[in-house]
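Pasting in a structure now, in structure tokens, and then I'll have a few things to ask.
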Protein chains: 2
Amino acid sequence: MRYHRRDVVERAIAVLDEYGLESLSMRRLAAELGLQPSALYHHVPNKQTLLAAIADEILARGRRERQAVEWDRRVVEICCELRDAMLAYRDGCDVVATAHTFGLGASEPATALRAALRDSGLPDDLVEVGTRALLHLVFGHTAEEQAALQAASAGAIDWEPGGTGDFEAGIGLLLDGLRSKVHR
Amino acid sequence: MRYHRRDVVERAIAVLDEYGLESLSMRRLAAELGLQPSALYHHVPNKQTLLAAIADEILARGRRERQAVEWDRRVVEICCELRDAMLAYRDGCDVVATAHTFGLGASEPATALRAALRDSGLPDDLVEVGTRALLHLVFGHTAEEQAALQAASAGAIDWEPGGTGDFEAGIGLLLDGLRSKVHR
DNA sequence: ACCTGAACACCGTTCAAGT
DNA sequence: ACCTGAACACCGTTCAAGT
């Protein structure tokens, strides 16, 4: 059977979700598709690129309509969408955050947050600082939450994840800081 | 020659700083010490534990006196000390942040931040949310900064790191949010 | 206590060759 | 265009045996 890039990315996400990032090797993925490892390099130049494609696909699958009009409500909406998208797949936060760090894709949320902050009337440098701070908070909180959720579902119930409340509280603190800088 | 745990950790930090995290393998470290790979397992139960020990040592080497008395100045002091400690070694942020995420050591900064926020009179839940948010900001910003610094020193000068200004601005935004929650 | 030697079960990537 | 087969240069970890 003959595959295309899209098939490889889709199967990679399935392997990721079922067995976790540490089990998602090029050799394992090839075996899952009934291919030799070398065949994968026809569809993807290397593993890093594959992971970036997975990150983009995870974000695309988590996309939903954004309806808020005020800039601060929109920030919360974007952050929650990002968090939910990453939580929907095992190790999703790891994959998306890494891709973002390496500057390979996963850039839509950053763009959307920047646009929202720009609409607030904040000066350019604060737009930039705020965007990055918001992303760090979302990635940091979600990574912790996902680790806790996965540890709990593996039986090691050592910590109840703060959940949505803690998440929105953290974002809220930063948003308070940003709002105080908007001169009306 | 006979080694102790301390020698192994010290040599591991030297390898990390000179060749980077991706080159710090158990086999490479063993070779650097003139040992068989299996000999390392006499000093350390596994690689994860070694990395946690490295993280703790990096933080210990970056320790400095904290002199601020007001809680918010102390928060800035702790965050800056943490950032500087991690920036002092190649891939230091990666190692410390990972150890912290896995709950293996690297816990002193969290403890110190929690204590500072407690002194502010903030309610317990906000102390917790604030501590984690501050750590996420420090790790997120420092990871980005260190990646940019290392890319720049490797010749790929694609982005000037925001530096201390951007760092303190991000922390400052969150601190504004926290200060607005302190009832006086 | 600390170390060697050998093995087990893996990695990512390249490249000539096949259809 | 898509794939096989074989190879290269690696991993972390275990375990019996040596001193």
Side-chain angles (χ1 to χ4, degrees), chain A residues 1-57 90-91 94-95 98-99 101-105 147 154, chain B residues 1-57 90-91 94-95 98-99 101-105 147 154:
Chain A
M1 201 202 289
R2 236 106 202 238
Y3 295 108
H4 296 86
R5 188 182 211 266
R6 166 179 9 96
D7 306 309
V8 172
V9 174
E10 266 164 27
R11 189 59 164 256
I13 293 186
V15 173
L16 175 74
D17 198 40
E18 193 163 1
Y19 305 102
L21 181 57
E22 83 173 10
S23 296
L24 179 56
S25 67
M26 296 299 270
R27 300 181 99 104
R28 171 74 184 262
L29 175 58
E32 206 83 20
L33 290 161
L35 295 177
Q36 294 296 316
S38 51
L40 294 178
Y41 293 85
H42 246 270
H43 301 100
V44 121
N46 50 48
K47 188 177 182 180
Q48 206 181 181
T49 305
L50 173 63
L51 288 171
I54 293 173
D56 281 329
E57 179 63 19
R90 162 120 83 129
D91 292 333
D94 229 327
V95 174
T98 302
T101 295
F102 280 62
L104 304 164
Chain B
M1 201 201 290
R2 238 107 204 243
Y3 295 108
H4 295 87
R5 188 183 211 265
R6 164 180 13 97
D7 306 309
V8 172
V9 173
E10 267 165 26
R11 190 59 164 257
I13 292 186
V15 173
L16 175 74
D17 198 41
E18 193 162 3
Y19 305 101
L21 181 56
E22 82 173 9
S23 295
L24 180 56
S25 66
M26 296 299 271
R27 300 180 99 104
R28 171 73 185 263
L29 176 58
E32 207 83 21
L33 291 162
L35 294 177
Q36 294 296 316
S38 50
L40 294 178
Y41 292 85
H42 246 269
H43 302 100
V44 122
N46 51 46
K47 189 177 181 179
Q48 209 183 179
T49 304
L50 173 63
L51 287 170
I54 293 172
D56 281 330
E57 178 63 20
R90 162 120 82 130
D91 292 332
D94 229 327
V95 174
T98 303
T101 295
F102 281 60
L104 304 165

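Naming: A, B, ... by sequence-line order, numbering from 1 per chain. The shown structure was predicted, so the numbers you read here are calculated from the model rather than taken from an experiment.
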Outermost contacting nts on DNA chain D, any atom under 4.0 Å from chain B heavy atoms, listed 5' then 3', are dC11(D) to dC15(D)
Going by the rule side-chain contact (heavy atoms from CB on, under 4.5 Å), which residues pair with Ala147(A) if we only count those two or more places apart in sequence or in a different chain? none
Test of understanding: with side-chain hydrogen bond (donor to acceptor under 3.5 Å, both in side chains), list the residues that count as partners of Asp56(B), not counting sequence neighbours. none
Does Tyr3(B) use its side chain to pair, donor to acceptor, with the backbone of Val8(B) at less than 3.5 Å?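 No, Tyr3(B) side chain to Val8(B) backbone: no donor-acceptor pair under 3.5 Å.
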Going by number, which of residues 27-54 of chain B have a non-hydrogen atom under 4.0 Å from DNA chain C? Arg27(B), Gly34(B), Leu35(B), Gln36(B), Ser38(B), Ala39(B), His42(B), His43(B)
Using heavy atoms to find the nearest nucleotide of DNA chain D for Ser23(B) and Arg2(B) separately, return the residue whose nucleotide is more 5′. Ser23(B)
Enter the distance from Leu51(A):CG to Leu104(A):CG here, rounded to the nearest 0.5 Å. 9.5 Å
Please round to the nearest 0.5 Å and tell me the distance separating atom CG of Leu40(A) and atom CZ of Arg11(A).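 CZ of Arg11(A) is found 11.5 Å from CG of Leu40(A).
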Taking the side chain from Asp17(B) and the backbone from Arg90(B), do they hold a donor-acceptor pair closer than 3.5 Å?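 Judged by distance alone, yes, a pair lies under 3.5 Å.
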I need the full list of side chain to side chain donor-acceptor pair (under 3.5 Å) pairs touching residues 31-40 of chain B, with sequence neighbours left out, sorted by first then second residue.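 For residues 31-40 of chain B: Arg28(B)-Glu32(B).
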Mind checking the P distance from dA9(D) to dC8(C)? Whole angstroms is fine. 22 Å
Is the side chain of Asp94(B) donor-acceptor paired with the backbone N or O of Asp91(B) at a distance under 3.5 Å, no angle test? no
Please work out the stems of DNA chain C from pairs that are Watson-Crick or G-U wobble with both distances under 3.5 Å, keeping only runs of three or more consecutive pairs.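 Correct response: C:4-8 with D:12-16, C:12-16 with D:4-8.
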Is Thr49(A) reaching over with its side chain to a backbone N or O of Pro45(A), donor-acceptor style, under 3.5 angstrom?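 No, because the side chain of Thr49(A) does not come within donor-acceptor range (under 3.5 Å) of the backbone of Pro45(A).
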Drop me the distance from Ser23(B)'s OG to Leu29(B)'s CG, to the nearest 0.5 angstrom.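 It is 12.0 Å, given to the nearest 0.5 Å.
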